[in-house]
Amino acid sequence: MKHPFPLLAALLVSTTAAARPAHAAEDLILADFESAGYPEGWTATGTAFGSGPAQGALPGQMEVRGFIGRGLINTFHGGDDAKGTLTSAPFKIERPYLNFLIGGGKDAVRSAMFLKVDNKTVRSATGPNDRPGGSEALEPDSWDVREFLGRTATLEITDQATGGWGHLNVDHLVQSDRAAAPPMLQARRDFKLAQKFLLIPIKNGIPTRKVTLLIDGKKEVVNDIQLADAAPDWWALMDVSAWQGKTATLEVDRLPADSTALTTIRPADGPEGGPPLYREPLRGQFHFSPRRGWNNDPNGMVFFNNEYHLFFQHNPYGWDWGNMHWGHAVSPDMVHWQELGDKLAPDDSGPMFSGSAVVDWKNTSGFGKDGKPPLVLIYTAAGNPTVQSIAYSTDARTFTKYSGNPVIPEISNGNRDPKVFWHEPTQKWVMVLYVEMPGKQHSIHFFTSPNLREWKLASITKGGIDNDKYLFECPDFFPLPVDGNAADQPWVLLAADSQYAIGTFDGTTFHPTHSKLPGHRGRGFYAAQTFSDIPAADGRRVLIGWFQTPTSGMPFNQSMSVPLELGLTKTPDGPRLTFNPARELSGLRAKSNPLKNLTVTPDAPNPLAFSVSELVELRAVLTPGDAETVTFDIRGATLTYSPKKQEISINDIHAPAPLRNGRLDLAILCDRTGLEIFAAGGLTYIPLPFQPKPDNLSLGLKVSGAPVLFDSLEIHELRSAWK
Ligand code: FRU
């Protein structure tokens, strides 16, 4: 039975269980599973236990952590569906506690460890997992066996469970004078909500616990959280702004009795702890990153009600990927962002994977209100099954998940990342959807819809594109003028790694004319998407990608690229994508040093020695003539252009950068966590995660072989985009 005051129980238990008797006897190791076979006298039946202990994870299993030494009992031999039973040799109970490590599935009947005395089950234990997600980690657990001292017992570890989490991990069975682990309690605490957030203590790298948020007693969301039982590494923000005035209950399914986690959770109106927000040492100063937690893909990028909206794959409660929510930020210019909070949280249909947003101007969906068009989010609910769903809003602040979800049932377990747009000529919505086919060719499915609710399959790309490698994840699809010519607008099908195909589109089928072409030439740029509904008068197609900038030691991790203006330009090989920093970024220029018609000779002193700025934009148009190399030093990163090879090299990256009319144009943006390099009219885009040393503010320029003429050379010191 649940203790009526679990927290109180937790506090009481912790003071007694932690005390060690003054003269404790030596621990007796019952089994440590360090040998090749099971201990003598133990017998295994079935297949789940293999022929002996496993050494960590078995094929197809997630990482198994938390066991001691090299071996453990792992019933994943042959996968979740394998069954079996392992029975120990009889042993005498000689200490008051039997301690062990246990993990895996939570099925007290079919997949559990039992203690038997006189053939009767007297104790049982399981792992913590009873739904998708979770962790393979083993955790300490303990039985109080004082009442059986001196009796003979056996252990029976059984795995008759099949399907998800149909296995068990067990290690290190020890008889002891003290409980290894304080008992795990199902603990709860109530909060009357008067502030936007609850601050949740996080310890990076420890096993997760299931934390359920209930509002007025009703389950809202379950997250897997690395809940700090003592001093946290950082405090996560649990967004409870939608439920002001109500009572929130946080329930932790297995909280160690001596954990301080629940007692330290407190309400707040913003982040607390650590350096001032947005001034943290590894905070990109003009790249979006979440206040707290992890981000990956940009989602639902749309211009609506005079704001740019950036939703994003967000783990509010972890430094790593997990608990996929849609975070939300708005901006007047795609450069200065204000983070608003989490808008789509995991629910019974699964975590909220990537997707897109559209303004339904004609209210085809009927979600509009009082003449206001709805903003509709289209996302993947990545549960079992994995399906496509929608949510809507008219104020772009609160969103309602559609009661008729899903709008597209599962095609394969790996179908995801719907990108939707309005196709004016056919007066239909079109969705491009990535469909992963295990063992088969992945494809992009095209669907059409009159109203965003009912979707019809229209076509499927064949064999990836041109039987080349497949286009992978997060598709985007749009027409783009070639060299600004509105009459010449082929369609571009873009994949997560920014490789793309160019072709024609008739409203149902994509016919590629150019097979998969390389996109960016750098590293750590992924899952980019373009804004929907940028007004026609502006006419730009602006892309933002996930910029994979690890920020170790910070209470946040990863970021987004700067906004990139996309174009197509003619080349001898056909039209090619161009990436250029959006013009709004020039609003960050604090101080500019333009130099014109400068000739730099091989023996010239460094013409950039004057610069001492942390955030830099360098722009150059140069005619290299007979020079061998043109080398820039940007705060410790060395970029070399070879006019002979027409190639930019930086670190281990070598990217083609063609001279055009004998000239190279170059732009370099330098932030605390990365460089973005643009050349040759945007044909070359090199994103590069890079952390300059804080005290290295130097810029350098050197040429070799022959003098180089710089038509222009500009150094702009940039301001932070954060308020
Ligand atoms: C790409 C991706 C998407 C998926 C999302 C989940 O980075 O794998 O395909 O929707 O991340 O976070």
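All ligand and atom numbering here is 1-based and tracks the order in the structure.
- The protein heavy-atom contact nearest to atom 6 (C) of ligand 1 is Q313 OE1, 3.1 Å.
- Any N or O atom pair closer than 3.5 Å counts here, and W546 shares no such pair with ligand 1.
- For ligand 1, the atoms lying closer than 4.0 Å to a non-hydrogen atom of F353 are 4 (C), 6 (C), 10 (O).
- Taking the six-membered ring for Trp and the full ring otherwise, F421 and F478 have centroids separated by 6.0 Å or more.
- Near M324, meaning under 4.0 Å from any of its heavy atoms, are these atoms of ligand 1: 12 (O).
- Salt-bridge annotation for E139 and R65: absent, with no side-chain N of the basic residue lying under 4.0 Å from a carboxylate O of the acidic one.
- Among all non-hydrogen protein atoms, the one lying nearest atom 1 (C) of ligand 1 is D297 OD2, 3.0 Å.
- Put simply, part of W321 is less than 4.0 Å from ligand 1, judged by heavy atoms.
- In this model, a donor atom of one side chain and an acceptor atom of the other lie less than 3.5 Å apart for Y685 and E676.
- Of the N or O atoms in N296, one or more lie within a sub-3.5 Å distance of an N or O in ligand 1.
- A ring-centre distance under 6.0 Å is not found for H511 and F505.
- Donor-acceptor pairing under 3.5 Å is recorded for the side chains of Q388 and T380.
- The single protein non-hydrogen atom nearest to atom 8 (O) of ligand 1 is E473 OE2, 3.0 Å, given as residue, atom name and distance.
- Both the sub-6.0 Å distance and the 45° axial angle are not jointly satisfied by R291 relative to the ring of F556.
- Those atoms of ligand 1 with a heavy atom of Y526 less than 4.0 angstrom away are 1 (C), 7 (O).
- Residues H287 and D671 have side chains that bring a donor and an acceptor to within less than 3.5 angstrom of each other.
- Neither side chain, Q558 nor W294, offers a donor N or O lying under 3.5 Å from an acceptor on the other.
- Remark: distances from the non-hydrogen atoms of T380 to ligand 1 are all 4.0 Å or more.
- Annotation for ligand 1: atoms under 4.0 Å from non-hydrogen atoms of S354 are 5 (C), 10 (O).
- Under the 3.5 Å distance criterion, with hydrogens and angles disregarded, a donor-acceptor pair is assigned to the side chains of W234 and N204.
- Of the protein's non-hydrogen atoms, the one nearest atom 4 (C) of ligand 1 is D417 OD1, 3.5 Å.
- Residue C474 places a heavy atom under 4.0 Å from ligand 1.
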